[in-house]
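Here is the structure we will look at.
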Amino acid sequence: MLSTIYLMDKSMEETRLLINNPGHFLQAVTDIMSEIVTIIALPSGDILYTNRPSFRFQTHPDDLPAMQAWYQRLATLGDNGKITTEYRVSNDNGDLIYLSAQGRIFQRDNTNTPTHALIVAQDLTEQKKAGLEILRLERHERDQSFLSSITKDLVELKNMTDAMEELGEKIANYFQVPWCTFTELTDDPETGVFSYGWNDSNSPSLNGTYRRQDLWIAGQATDGAAAEVIVTCDTQSDPRLNAATFAALGIGSYIAVPLAREGKFRFLHSITDTKPRQWRDDEIRLMQDLATRIWSRVERARVEEALKKSEQKYRAIFNSINEGFTLLEVLFDTEDNACDILIHDANPAQNRVDGVQAIIGKRVREILPDIEQKWIDRYAKVVRTGEPEHFEDWSEANHRWYEVNASRVGGPGSPLVTIVYNDINDRKTTEEALRNSEALLASVFKVSPVGLGLADATGKYLLLNDEMRRFLPTGLMPSKDDERSSRWIAYNPDGSAIERHDYPGIRALRGEPVPPFTEMLYADDDGNKIWTKISSIPIRNEKDEITGVVTVLTDIDELKRTAEALQDSERQLKQLIRQKDDFIGTASHELKTPVTSMKMYADIVQERLDELGDKGDSDLLSKLNAQIDRLTSLINHLLDTTRISEGQLKLALERIDIKELLTERIEEISRITNHHFVLQAQDRSTILADRERIGQVITNLLSNAVKYSPKGTTITITSRADNDGVTVSVRDEGYGIPEKDVSKVFDRFFRVSANNMDTFPGMGLGLYITDQIVHKHGGTIAVKSKEGVGSTFTFTLPDKIK
Amino acid sequence: MRKIVLVDDDEPIRDIFQIVFKDSGYALTNLENGDKIINNELDTPDLFILDKQISGTNGLDVCRFIKKNEKYKRVPVIMLSASPDIENLAKDAGADEALPKPFSLKQLRALVSKYIPGQP
């Protein structure tokens with residue numbers, strides 16, 4: 001048309017001048033035109049002329065009817081009428097060319113019937129192709145938006161059946177089919193179940209159980225080939241299918257996408273049409289996309305369902321367990337250091353266990369500002385390693401002991417940790433107290449200066465302290481230790497040696513009675529002899545069988561040596577005492593000889609003076625005699641004392657009348673003193689005793705009373721007898737004995753040491769001898785005294801001497 | 001005349017006995033030891049008075065000899081001693097009496113007249 005415009009711009013005159021040969025001109029114009037110019041014969045459409053002689057036009061069969069109709073309409077047009085159409089032709093290469101053609105009548109015959117038409121066509125192929133691409137893109141876009149709308153629906157999927165039916169309708173509408181089904185397959189290789197699906201009101205539901213071999217192509221939709229999409233464009237002509245089955249169901253064509261879980265054919269998503277249908281690639285692709293998404297959502301729903309169930313179980317456990325149970329998130333700072341813990345969840349027991357309330361959603365440092373970093377670090381370690389931790393630790397912030405199990409929730413990178421924990425404070429406190437007391441016992445055991453050991457039934461020590469180990473370095477009982485038993489010698493109390501098989505430990509093991517302490521002499525490595533004292537007791541189990549022995553060993557060496565030294569010095573002392581006693585005995589014996597002579601001479605002189613009637617000198621000699629008697633008495637006391645200390649006091653027993661003896665002795669003493677004597681005695685109180693010695697006792701007590709009471713005072717003697725024996729008292733009205741001295745008056749050589757005592761000479765032996773004689777008779781003697789009032793000495797003699 | 005034999009190695013005692021029995025009607029023989037008795041050189045007396053502790057054969061053994069000897073055995077024996085247990089010892093040795101030292105003149109005379117009655 002450009003040329004036409006060109007022509008129109010020139011004046012007609014000039015144009016006529018230019019075109020001398022219209023034939024050539026036309027040829028030139030059509031040659032340079034981009035349009036295809038064709039002259040066709042009407043009504044046949046045969047091409048008479050074209051400016052693209054290289055083209056072999058052949059109208060696309062699909063467009064032929066439309067072109068026939070177009071030609072007929074063209075023929076009806078007037079000269080200036082023109083109509084437009086689009087159609088497709090093929091060139092020699094078989095390329096499909098899209099054309100947009102404009103036609104008008106070009107020539108008529110005599111009857112004014114159009115015979116030729118001029119067709120000017122533009123090649124729209126490029127534009128058309130671009131248009132198709134747009135269409136495809138548009139369809140793709142529509143598919144994608146559909147897919148995302150389905151995906152969105154899937155997100156909100158609640159009830160599987162309802163949601164799937166909804167989805168089924170949507171998908172069926174989108175594909176313009178009456179059925180959309182979802183089939184889940186069980187492990188049964190024979191059957192398949194159409195579980196969920198949608199059908200339009202004109203079509204029956206396809207839900208139900210089917211035999212796999214009836215519906216699906218053999219070899220397809222099996223475990224091994226689950227990923228292959230099954231596409232059938234016409235069930236009745238598809239040789240792979242059982243046409244009758246599909247005819248009965250009214251199914252003409254379908255797309256079915258099988259899906260697998262863990263390599264097993266589990267799910268089939270289909271769209272089904274009643275008619276045969278040429279399924280486009282993009283439709284198949286879309287179905288694949290839909291099936292994949294739905295399947296993954298179904299799978300997720302299944303997992304969620306299972307998860308929900310396990311979550312319920314978890315919740316039940318979570319809420320009912322007695323231990324504190326919390327879900328924590330470890331928080332890290334920018335330098336990846338664990339800095340705090342966020343509490344996501346906590347069970348009801350948590351509050352009871354740690355006493356902290358309302359912790360969910362809070363940070364630990366907010367709840368427990370004093371929390372020690374070690375706790376956070378511990379959970380951070382669990383987060384980093386994924387290794388569960390079980391530990392017991394003291395929390396300063398809670399001021400309690402806890403036992404904790406911590407494990408990471410989720411894979412690497414998850415900062416979540418569950419902890420199950422318990423308050424073990426009571427247990428720990430008890431344990432600690434126990435440990436302390438055990439430690440105390442252990443240290444006491446260890447450092448005890450006494451050797452302690454626990455041996456088993458074979459005589460091997462399972463436990464022995466340092467002191468024990470000093471003596472038993474091999475940990476074996478002396479009696480069981482062949483190599484070392486020669487180091488030991490055990491002694492009986494009488495000093496005889498004990499045989500090895502009767503050592504204390506071995507006797508205890510045999511269940512025999514063991515003397516409380518056995519002295520054993522031990523030779524150490526240097527040959528030093530060490531005295532020990534050993535005691536063993538058996539340990540019995542509940543069946544009363546002896547399972548071991550506890551042995552206590554005391555190093556008594558020093559003690560023993562001290563005792564020996566003591567014994568030595570005691571022996572020496574005894575010897576000295578004996579020597580002294582011997583000396584006193586000999587001395588007093590020798591003293592008596594001259595005293596006897598003195599007394600005799602005095603007697604002789606006195607007799608002579610009496611004969612001469614020299615009264616004054618006779619009295620003097622009487623006094624001399626009295627002094628000689630006193631000297632004799634002192635010597636006798638000394639002699640008695642040495643005999644008592646040597647255990648040589650011997651009794652000559654006979655039946656004596658105590659009243660008679662008292663009377664005799666009182667008479668004797670009353671001759672030499674002017675004290676008053678009062679005797680109150682029972683008749684016939686006889687007793688078995690040594691007359692001389694008991695007489696000595698009486699005389700001593702009377703002399704004592706005389707000595708320690710003023711002249712002219714009364715001394716009262718009482719005697720009474722009963723079945724057990726005789727009791728005699730001598731009471732004076734004298735000076736009495738100071739309270740502090742009362743208990744000592746019977747001691748050897750004791751003398752009451754008051755200021756006035758110089759007036760009471762003596763050796764302090766009388767009461768000692770008296771006491772010894774009474775005791776030798778199996779009797780007792782006692783004194784009651786009050787200063788300024790007097791003293792009463794009382795002795796009791798049993799009737800029979802044991 | 002009744003005869004008394006005293007055996008005592010203590011000279012003052014012998015002297016006292018000499019004084020006491022002089023002119024008493026008794027014939028006293030003073031001996032320092034018992035040798036004459038044991039050797040049978042002595043005539044049988046009416047009374048022996050023996051000190052327990054004498055040189056040579058002691059008084060108790062002399063007493064035992066006397067009590068076994070046909071010649072002397074019927075003669076009473078009084079045993080003198082400063083030992084406190086003389087009574088038992090004397091009895092054991094067969095003595096008739098024990099007189100512990102010291103004793104009074106009275107005690108001595110009483111014992112002598114007990115064993116030699118009627119005299120002096």
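For clarity, every value in this text was computed on a predicted model and none was experimentally measured. Atoms considered below: every heavy atom in the structure, side chains included; atoms not considered: hydrogens, waters and symmetry mates.
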Produce the donor-acceptor pair table for chain B versus chain A, cut-off under 3.5 Å.
unit_1   : atom_1 : unit_2   : atom_2 : d
B:Asp15  : OD2    : A:Tyr601 : OH     : 2.7
B:Gln53  : OE1    : A:His589 : ND1    : 3.4
B:Gln53  : OE1    : A:His589 : NE2    : 3.2
B:Ala82  : O      : A:Lys592 : NZ     : 2.8
B:Asp85  : OD2    : A:Arg643 : NH1    : 3.3
B:Leu105 : N      : A:Asp603 : OD2    : 2.7
B:Arg109 : NH1    : A:Glu607 : OE1    : 3.1
B:Arg109 : NH1    : A:Glu607 : OE2    : 2.1
B:Arg109 : NH2    : A:Glu607 : OE1    : 2.8
B:Arg109 : NH2    : A:Glu607 : OE2    : 3.4

Is there any residue in residues 60-67 of chain B with a non-hydrogen atom under 4.5 Å from a non-hydrogen atom of chain A, and which ones are they? none

Go through B:Leu108 and A:Met600 one step at a time and tell me if the side chain to side chain contact (heavy atoms under 4.5 Å, CB included) criterion holds. CA-CA 10 Å; B:Leu108 177 65; A:Met600 297 293 285; 3.7 Å; yes

Residues, nucleotides or ligands: over 12 heavy atoms within 6.0 Å of B:Lys36 NZ: no

